[in-house]
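The figures that follow rest on heavy atoms only: side chains count, while hydrogens, waters and symmetry mates do not. A note on names: the letters A, B, ... follow the listed sequences, proteins ahead of strands, and every chain is numbered from 1. This is a predicted model, so every value here is computed, not measured.
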Amino acid sequence: MSGTPQYKTLKGMQDILPPDTFLWQSVEQTARRIFSAFGFQEIRVPVLEATSVFSRSIGEQTDIVEKEMYTFTDKGGRSVSLRPEGTAAVVRSYVEHNLHSLPSPQKFYYSGPMFRYERPQSGRFRQFYQIGVEAFADPHPRMDAEVISMLGRFLTSIGLEGVSFQINSIGCEQCRPAYKDALLGFFSDKKENLCPDCVRRFDQNPLRILDCKVSRCIEARSDAPRITDHLCQDCRTHFEKLQNLLTLLEVSFAVNPEMVRGLDYYTRTTFEVTSQGLGSQNAVAAGGRYNRLVKEFGGPDTPAIGFAVGMERMVGLLKQSASLTWPAPAVFIAALGEAAGNAALRIAGKLRDQDLWAEVGDAESSLKSQLRRADRLAARFVFILGDEELRSGTLKWKNLADASHGEVKMTEIKEFLAAI
RNA sequence: GUGGGUGUAGCUCAGUCGGUUAGAGCACCAGGUUGUGGCCCUGGUGGCCGGGGGUUCGAAUCCCCUCACUCACCCCA
């Protein structure tokens with residue numbers, strides 16, 4: 001084998017290998033467990049959709065749609081795209097299958113790969129995995145609080161520490177335009193103080209100036225109008241109720257009026273969970289309310305709220321605190337000679353019938369090398385089987401951890417393993 | 001798309017004022033006498049030193065180009 005393999009994963013794509021996969025599994029299992037307790041049910045949607053499913057919902061002018069989608073023309077001449085996020089497809093499915101006719105609210109979760117053609121960096125990949133949830137048809141801040149507290153419970157349950165919740169309200173179609181105008185008015189005579197990116201943002205997406213990291217932009221916006229001071233009465237009430245409910249549910253959070261979300265479809269509540277120790281891409285989960293999207297997809301006027309968790313980022317954080325362990329066989333059967341080797345296979349089969357992980361050594365190689373292998377696998381027990389044992393109907397056993405050893409009758413293996 | 005950093009064995013890295021067959025540790029495989037692992041000892045597998053071009057008697061080492069990886073910007077989970 002030489003230095004540069006002939007075939008490699010594409011840029012921004014990665015293989016997820018054991019023992020990492022065990023961590024991924026436990027994250028996924030925990031998500032299913034917690035989300036189920038909140039009444040969320042799994043939905044599976046395709047990774048490939050008509051391009052318009054994404055462009056219309058995420059926003060035609062967003063970077064995601066403009067330059068980050070894997071878009072191509074299929075053999076039928078249709079423009080199709082790999083999903084860059086999960087919500088759009090779930091909403092499409094919700095409308096397509098009239099899921100609003102299910103008892104309200106309808107609550108779903110999904111997980112799987114998303115695709116964005118970006119320059120990879122720490123915590124950012126071209127194929128990345130998200131676990132997300134979407135709750136439909138409940139406009140009340142109670143649902144916002146439920147979803148956010150569920151996310152908190154999930155993160156706690158998975159053992160993630162040192163994360164912080166930030167929430168914000170970005171208003172609705174009533175109050176946001178006025179705020180945008182106020183913001184434009186504020187910055188219009190301060191353009192020369194802004195960084196080049198923010199000068200561009202001034203025209204394209206002025207809200208983005210609020211979360212620019214450049215120090216002179218931070219300075220320039222210190223007296224900028226705050227969205228939370230420009231909310232209409234309904235949005236303001238909604239946001240206040242949400243905060244009260246989160247307090248009631250003992251979710252600790254901070255209001256961050258400068259938090260802006262990138263997707264066009266959000267209304268009112270937005271939230272984000274960040275962690276230090278993730279590098280620059282520090283959001284481990286994010287979401288918000290999107291009250292207009294279902295209608296825009298041709299469905300009934302249905303409010304909704306959801307979030308997505310970045311799996312790689314979450315797993316990355318977990319790996320910092322917990323050490324990964326490989327699972328180990330329950331039993332390694334070392335055999336000496338062909339007859340014993342065959343007997344070992346039959347015994348292993350019986351153990352596997354009981355869902356025990358049994359490994360069988362190579363009966364043609366030395367006992368020493370078989371034991372070495374058993375040790376490397378960290379097998380809890382070794383059974384040794386040779387001609388002597390075949391004659392007497394017994395097995396030698398050995399506990400590799402403490403080197404204790406003894407004999408057990410072949411007919412009593414089950415009892416032996418049950419007793420330990 | 002823009003900028004910085006790095007490319008030597010499966011992994012972590014030495015080796016760079018250019019000088020013979022490119023090294024270590026770990027990992028892997030096999031031995032250290034008959035059927036007992038870990039520790040130790042011995043041996044082995046494994047590198048066209050990311051790729052291409054140039055300078056030179058001679059390049060892992062110097063120059064140019066290229067590719068890959070990586071971090072940051074942008075954007076976002």
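- Comparing atom distances between the A:R208 side chain and each of B:rG35, B:rA27, B:rC75 picks out B:rC75 as nearest.
- At a cut-off of 3.5 angstrom, the base of B:rG1 holds no donor-acceptor pair with the side chain of A:E118.
- For A:E49 and A:R83, the salt-bridge test fails: no basic side-chain N is under 4.0 Å from an acidic carboxylate O.
- Straight-line distance from the CE atom of A:M311 to the C1' atom of B:rC76: 18 Å, rounded to whole Å.
- Listed nucleotides B:rC75, B:rG35, B:rC71 differ in distance to A:S122; the shortest reach to its side chain belongs to B:rC71.
- Rounded to whole Å, the distance from CD on A:Q204 to P on B:rG1 is 18 Å.
- Aromatic pair A:F332/A:F383: ring centres not closer than 6.0 Å.
- Side-chain contact, A:T51 with A:S55: no donor N or O sits under 3.5 Å from an acceptor N or O.
- Nearest heavy-atom pair across A:G306 and A:E134 is CA-OE1, 3.5 Å.
- The base of B:rG31 does not come close enough to the side chain of A:K368 for any donor and acceptor atom to sit less than 3.5 Å apart.
- One can find a donor-acceptor pair under 3.5 Å joining the base of B:rC74 and the side-chain atoms of A:Q121.
- Distance from the side chain of A:R376 is smallest for B:rC28 among the nucleotides B:rA77, B:rU36, B:rC28.
- Checked against B:rA77, B:rC73, B:rG37, the side chain of A:D197 finds its nearest nucleotide in B:rC73.
- Look at B:rC29: its Watson-Crick or wobble partner, with both distances under 3.5 angstrom, is B:rG43.
- One N or O donor and one acceptor, one from the side chain of A:D375 and one from the base of B:rG37, sit under 3.5 Å apart.
- Closest of all the heavy-atom pairs between A:T71 and A:S79 is CG2-OG, 3.4 Å.
- Under the 3.5 Å distance criterion, the side-chain polar atoms of A:N193 are left unmatched by any main-chain donor or acceptor of A:A220.
- A:K213 places its NZ atom 9 Å from the C1' atom of B:rC74, with the value rounded to the nearest Å.
- For the P atoms, the distance from B:rU61 to B:rU55 is 15 Å, rounded to whole Å.
- Here B:rC71 presents its C1' atom at 13 Å from CZ of A:F125, a figure rounded to the nearest Å.
- Comparing B:rC57 with B:rU20, their C1' atoms sit 14 Å apart, to the nearest whole Å.
- Rounding to whole angstrom units, CD of residue A:Q370 and P of B:rU36 are separated by 12 Å.
- Between B:rG35, B:rC73, B:rA77, one nucleotide has an atom nearer to the side chain of A:L367 than all others, and that is B:rG35.
- Only the C1' atoms considered, B:rU21 is 14 Å distant from B:rG47, to the nearest whole Å.
- Across the protein-nucleic acid pair, A:R124 atom CZ and B:rA72 atom P stand 9 Å apart, rounded to whole Å.
- Taking atom P on both B:rA30 and B:rU45, the two are 15 Å apart, rounded to the nearest angstrom.
- Nearest-nucleotide positions on RNA chain B for A:A283 and A:C212 put A:C212 closer to the 5' end.
- Listed candidates were B:rG35, B:rG3, B:rA77. Nearest to the side chain of A:R119 is B:rG3.
- If A:R126 and A:T9 are placed on RNA chain B by their nearest nucleotide, the residue sitting closer to the 5' end is A:T9.
- At whole-Å resolution of the value, CD in A:E364 and C1' in B:rC29 are 17 Å apart.
- Within the nucleic acid shown, A:A403 comes within 4.0 Å of at least one base atom, counting heavy atoms only.
- Nucleotides B:rA60 and B:rG50 are separated by 10 Å at their P atoms, to the nearest Å.
- Between A:A378 and A:A328, the shortest heavy-atom contact is O-CB, 3.2 Å.
- The nearest whole Å value for the distance from the CG atom in A:L377 to the C1' atom in B:rG38 is 14 Å.
- Counting only heavy atoms from C-beta on, A:R372 has its side chain closest to B:rG37 among B:rC75, B:rA77, B:rG37.
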